Structure formats: C-alpha cells, structure tokens
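Single-structure report; data block below.
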Amino acid sequence: MIRFSSLMSSFTWRQNGTYPKFKISHIPDFNATELWLVSILQRLKEPKLIQQVHAHIVVSGLFRSTRLCNRLMNSYASCRHIGEINKVFCFIEHKNLVSWTILINGFTKNGFFVEAIEKFGQMVNCGLMPNAITISSVLPAVGKLRLILMGKSLHCYWVKQEYRCNVFVQSGLVHMYSKFGCPIAARYVFDSMSERNAVSWNAIIFGYSHNGMVEEAIGLFNLMRRSLLMDTFTIMSLVSAAFGVGDLQIVTQIHGLVVKSGHDKSQPVETRLMEMYIDVNFVDDAYCIFFEMSVKDVVAWTLMLTGFVKSANLSMAVEHFNQMMATEDVELDSVALIGILSGCSSSGALQQGRRVHALVIKIGIEGDTFLGSSIIDMYANCAKLGDARRFFEGMAVKDAACWNALIAGNGMHGYGNDAVHLFQEMQDLGIDPNESTLVSVLSACGHGGLVEQGLYIFDNMVARWNLFPNQKHYACVVDLLGRAGRLNDAYSVISNMHLQPGVDVYGALLGACKAHGNIELGVEVSQRLFELKPEDAGYYVLLSNIYALSGNLEGVKSTRSLLRSTALKKDPGLSSVEINGAVYTFMASEKDHPLYPEISRFLKDLIFRIQEEGYVPDTKSVYQDVAEDLKKDILYHHSEKLAIAFGLMRTKPGAIIRVTKNLRACNDCHSSCKYISKVFGRALVIKDKNRFHVFHDGNCSCGDYW
Ligand SMILES: [Zn+2]
Ligand SMILES: [Zn+2]
C-alpha cells in the first residue's frame with residue numbers, strides 16, 4: 001500500500017496537478033479500482049511507473065481482471081517491453097482475443113516473427129477466431145517469413161468473413177503480397193479497397209519498387225500526390241527503387257518528384273539521394289545535396305567521402321576528410337577512417353596514408369581489426385609490404401580480414417611462397433580462412449607461378465574448409481593454369497563448373513589464349529565474352545590482338561568491324577602518382593590538365609629517347625578506328641604515361657617512380673615502361689588493377705604475363 005500511494009503521489013506530481021490528489025483510502029471497491037487503474041495506465045508512458053502499477057496489480061490480486069491485464073500489456077507495448085508483455089500474458093487466467101492480439105502485435109512490432117506466428121497458431125487452437133486487428137497484426141510476420149500458404153489462407157478467411165473493407169487488413173495484405181514477390185496480387189487487393197490511407201499507398205508503392213517495377217511505382221506515386229500527402233516513408237521507398245535500378249533518367253525523375261513534394265529537405269531523404277547519386281557515379285550531384293544540407297551528420301560526411309574515393313578523386317577526398325576532422329560536431333569514426341584509407345590504397349597515396357595511420361594511433365583505435373586490415377591493405381597497395389607486415393605483427397588481435405589483407409599484398413607483389421606460408425600460419429593459429437582468403441591465396445599462387453600448390457588448395461576447398469568455389473575462385477584457377485600454358489586443363493575446369501561461368505572466368509582464359517597464341521580457343525572464348533558483356537571494348541581488342549599475333553589479317557578486320565558496330569563503354573583510365581605528399585591524378589588523353597603543357601614537352605622528348613633505344617608503339621592496343629598517327633597519339637597519352645612523365649620531371653634522378661592505375665596496363669604501356677626504366681635509369685613501380693609491376697633496367701617483375 002505504501003508503494004502504491006507513493007506511486008500515486010509521483011504520478012499526480014508528474015501530471016502537474018491534472019488529477020486531484022489521491023489517497024488509497026478513497027478507493028471504494030474492487031471494480032472502481034480496476035476502472036481507475038485502467039484509466040491511469042492509459043496515460044502512463046514511463047516503464048518504471050508502469051512496473052509499479054504492475055506490482056500493485058499482482059499484490060492486490062487484481063491480475064484476475066483480464067481487462068486490466070490487457071491494458072497493462074498495451075502499456076508495455078507502447079514502450080516496446082516485449083518480455084513484460086509476455087509475462088503479463090502468461091499470468092492472465094482467462095485470455096481473450098484482445099490478450100492474444102496484443103501479444104501477437106507486440107511480437108511482430110519487435111521483430112519476433114516466428115514467435116508471432118506460433119502464438120497465432122496457439123490462439124486458433126484454443127478456438128478463438130481472429131478479428132481485423134489480429135489479422136493485421138500477424139500479416140507482417142507472414143510476409144517477412146514468406147509463409148505463402150498461410151498468407152493465402154488468411155486472405156481467404158478474411159474474404160469469407162465478409163469484412164472485406166478494412167483499411168488495415170487490406171494494407172497488410174498488399175504489403176504481404178509485395179513481400180512474397182507478387183505485385184499483381186498486391187495490386188488486386190489495392191484496387192478492391194474502398195478506402196485507402198497513406199499506409200495503403202506506401203504498401204503498393206513499396207510492392208512495385210521492391211519487385212523492380214519502378215515505372216509503375218512512379219505512376220502510382222503521381223496518383224498518390226493528388227489524393228493525399230505522402231510521408232517520408234513513401235519517398236524513401238521510391239528513392240530505394242530508383243537506386244536498385246541504377247538508371248540515371250529514373251534517378252533524375254525521382255529527384256524532381258522529391259523536390260516538388262517538398263520532402264527534399266528531410267535528412268533521411270537527403271542522405272538516401274546522395275547515396276543514390278554516388279551509386280550511379282554522379283558524385284557532383286551528391287555533393288550539391290551535401291553542400292546544401294542544413295545539418296550534416298557523420299553519416300552524410302562519411303558518405304560523401306566514400307563518393308570521392310569511389311570516383312578516384314583523392315584530392316577532394318583528402319580535402320573533405322580534413323574538413324571533416326575540423327568540424328566540431330562530427331566525431332571521426334572507424335567507417336570514415338576506413339573510407340579515406342581505401343582512397344589512399346587505391347591511388348597509392350603513401351604519405352596521406354601514413355598521416356591517417358598516425359591519426360588512428362592518436363585516437364587510440366588501432367586495435368580495431370576492421371581498421372587494422374585497412375591499414376595493412378593501404379601499406380601493401382602503396383608498395384610498402386614491409387610496413388604492412390610490421391603493422392600486422394604489432395596487432396594484438398588479428399582476424400581473418402587482417403590475414404587476408406597481408407596474403408593479398410604478398411600476392412600482388414608476386415611473393416606466392418610467402419602468401420602460402422601466411423595461409424598455413426593462419427590456420428595453425430586456429431583462424432578459419434573465408435572466401436576472400438581463398439581468392440587472395442589462389443591469386444597469389446597464380447602471380448607467383450605456384451601451380452601445384454594453387455591446384456591443391458582449389459581442389460580441397462570444399463573438403464577442408466567447407467567453402468564452395470565462386471566465380472572469383474574459378475577465375476583465379478583458370479588464370480593459374482593459363483599462365484602455366486595448361487589451356488586444356490583450364491578449359492576443362494570451366495566445363496565442369498557448378499556455376500554459369502562469368503566474365504572474369506572467360507576473361508582469364510582469353511588472356512591465356514593470347515599469351516600462348518591459341519587462336520581457336522581464343523575465338524570461342526571471345527564469342528562467350530561478347531555475349532556476356534557486349535559493351536566491353538577490351539575483349540574485342542584482345543581478340544584482334546590474338547588474330548594479329550597469328551598473322552590472320554582477315555580476323556583482325558572482322559573483329560574491328562564488329563567493334564565499330566557495337567556501342568562501347570570503356571572505363572576511363574586513371575593513373576595517380578604521389579610527389580611530396582600530394583597526389584596527382586591523370587586521365588587518359590587529358591589535354592586540358594593544368595600541368596599538361598609542361599608534361600607534353602617532356603613526354604615528346606621521352607618518346608623520342610625510348611624510340612632511339614628500340615621502342616615501337618604498339619598501335620594494335622588502340623581500339624578506336626582512326627588513322628595510324630592518331631593511334632600513336634592516343635597511346636602516348638595513356639594515363640600511366642602522363643603520370644610517369646610527370647614523376648620523372650618532378651623527382652630527383654635515381655628516385656623510384658610509383659604509379660597506381662585503375663585498369664589493367666596495356667601492352668604498349670608495359671613495353672614502354674621497360675624502355676623508360678632502362679633509358680632513364682629509374683625503377684618504376686606500377687600497380688595496375690591486378691598486381692605490381694616493378695620495372696628495372698628494361699625488365700618487369702611480372703615476366704611479361706599479367
Ligand atoms: Zn596503355
Ligand atoms: Zn609487368
């Protein structure tokens with residue numbers, strides 16, 4: 001009694017005198033108490049106060065009142081205390097439909113879908129038939145668990161009850177069918193509704209967007225705009241739909257709709273739009289949204305950072321990162337640090353990478369293994385394998401990602417044996433390799449020429465590590481066999497694949513065909529590649545080179561004409577070089593680069609000098625159909641040549657030039673690098689998409705196979 005009155009006094013105090021002061025002696029009888037408690041519970045929002053009322057109900061024997069207990073469950077539901085709801089439910093002697101419904105609803109709202117379905121079954125077994133609220137409470141669980149049969153039975157039951165028009169049940173059905181991947185059924189229910197609210201509209205728009213029918217979603221969205229106001233949820237599901245399709249026209253259209261509806265200033269919508277633009281590589285548009293945001297949180301800052309990194313704009317990424325550090329309200333977290341490290345890694349920006357490493361130590365989070373693996377990856381990609389190793393050894397806790405980063409680093413440098421040792425060591429320490437580890441070690445075996453070890457690992461993937469080979473593993477093993485000239489074995493690996501062979505797998509085989517001059521197989525493989533990826537110019541060039549090597553001019557001609565008839569996309573070649581801590585990035589044929597006039601003079605002289613030494617431009621590497629002179633001009637302006645020329649100009653004699661490229665190096669650049677290393681007496685460390693090439697005195701560490 002004391003506890004109860006103290007609760008009441010605290011309650012009256014909290015309500016600021018809304019209720020008359022109350023003493024326990026004022027309660028006339030049991031029924032009145034019950035009623036009074038129900039009315040109090042309706043207003044209670046704080047779990048602590050609800051628990052006190054709960055205690056009183058138990059102590060005073062009032063828990064025999066189903067109505068009061070239901071009310072108590074509802075109060076717990078409002079603060080999402082699912083455990084308490086369940087406790088009260090178990091206590092109720094005479095559970096009615098309302099009790100069951102509150103429990104089921106509590107379970108679905110809190111993500112306990114299996115439990116919700118179980119309770120629903122138990123309720124029906126007790127002979128209680130669901131009403132509209134029970135059904136709309138269980139439908140989200142049915143949709144989420146994709147219980148199609150149960151969903152259909154519920155729908156039938158509902159129709160038979162002739163309660164057909166209930167906006168909650170019908171919206172629930174629309175949502176459920178969308179989750180089942182049946183937008184037509186969802187639309188059928190939607191069209192039969194006599195009354196619709198925002199939830200129903202959201203459900204059908206979600207249904208179309210979730211199932212990739214963006215045009216239909218936009219059509220409905222336009223209809224919805226006329227009938228009522230949409231909420232952030234509608235916008236988000238529409239934006240997500242456009243995001244999934246990745247079609248720029250749709251993206252722009254939806255952005256227009258968002259602005260028209262006035263929702264463009266809501267932070268979740270802004271963030272989602274930024275994400276969408278970054279995904280289709282329209283980083284400038286993402287930046288416009290970011291720039292205009294009134295409140296920029298750490299998520300928005302990090303997202304923008306990822307955008308710059310993804311578009312290989314490291315100088316903007318660094319500037320953005322520095323601004324982010326200087327912003328008081330934004331605290332750097334490991335996601336942002338991993339973002340900037342990945343930028344340093346992909347552009348070979350060692351000095352900036354070191355700065356970030358120092359910052360990580362300063363903040364004191366170098367023990368974070370995610371971050372740790374990014375640091376290892378950064379050093380390995382900046383050709384500082386020793387530093388990567390030292391950092392790795394200093395880590396107190398290492399997970400598979402850290403080992404993977406170091407194994408991959410060794411592989412890229414061509415140190416196959418070290419990679420295999422690390423792979424063994426990792427297992428000796430009880431760390432299970434994952435899919436990425438196997439990709440790293442197989443690729444390391446390929447680059448290091450360790451055919452037998454690689455095959456052994458590949459053959460034992462399932463038996464030893466319970467890992468099924470994916471496209472990447474197959475591509476690695478095809479590459480491994482191809483390098484060793486075992487084209488037939490590579491071909492039979494592809495024929496026996498348990499997956500449909502993809503672009504990477506055939507691409508690896510085509511490279512091998514070229515290296516070993518196997519025209520017949522090369523033509524067959526090219527055919528598959530043209531079917532899989534008709535817009536990629538690289539494969540046409542490779543095939544035409546295979547024909548050219550074997551002197552088949554007819555073949556060269558036909559490939560070239562095929563090439564002309566296809567609309568081709570080629571990722572722009574980007575190369576970066578770091579000089580005194582600043583990263584300079586060059587795009588192929590970028591003649592409007594501010595440094596170009598300076599570089600151009602140097603480049604002309606460079607070409608002249610290596611030609612004297614025997615370099616002949618390999619115009620077969622050019623896929624554009626232009627005059628011979630223009631082809632040479634295109635070759636001389638490949639991004640890595642611009643970066644190398646700039647590096648030679650700006651560094652002291654004898655210094656090593658390090659260049660990082662986003663694509664695979666072409667034949668011509670590879671051979672010119674050999675000449676440059678000899679003529680200028682410089683070591684060139686070029687990292688392309690797959691590996692490091694170390695050019696020294698006219699030779700390359702890759703042995704001309706890459
Ligand atoms: Zn090139
Ligand atoms: Zn090489």
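Because the structure is a prediction, the values reported are computed rather than measured. Numbering of ligands and ligand atoms starts at 1, following listing order. The figures that follow rest on heavy atoms only: side chains count, while hydrogens, waters and symmetry mates do not.
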Could you tell me the angle subtended at the Zn ion (ligand 2) by SG of C702 and ND1 of H693, rounded to 10°?
110°
Everything protein-side that's N, O or S and under 2.8 Å from the Zn ion (ligand 1): list it, residue and atom.
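Short answer, with waters excluded from the count: H638 ND1, C666 SG, C669 SG.
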Distance under 6.0 Å and angle within 45° of the ring axis: does R609 meet both against F680?
yes
For E524, what residues pass the side chain to side chain donor-acceptor pair (under 3.5 Å) criterion, not counting sequence neighbours?
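Once residues adjacent in sequence are excluded, the partners of E524 under the side chain to side chain donor-acceptor pair (under 3.5 Å) criterion are Y491.
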Side chain to side chain donor-acceptor pair (under 3.5 Å) involving K631 - partner list, sequence neighbours excluded
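Per chain and number, K631 pairs via side chain to side chain donor-acceptor pair (under 3.5 Å) with no residue.
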Between H320 (side chain) and M316 (backbone), is there a donor-acceptor pair under 3.5 Å?
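Not confirmed, H320 side chain does not pair with M316 backbone.
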If you look only at pairs with a residue in residues 650-659, which of them pass as a side-chain hydrogen bond (donor to acceptor under 3.5 Å, both in side chains), with sequence neighbours excluded?
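Every pair satisfying side-chain hydrogen bond (donor to acceptor under 3.5 Å, both in side chains) with a residue in residues 650-659: T651-R682.
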Can you tell which of S342, S345, S347, S346 makes a side-chain hydrogen bond (donor to acceptor under 3.5 Å, both in side chains) with N381?
S345
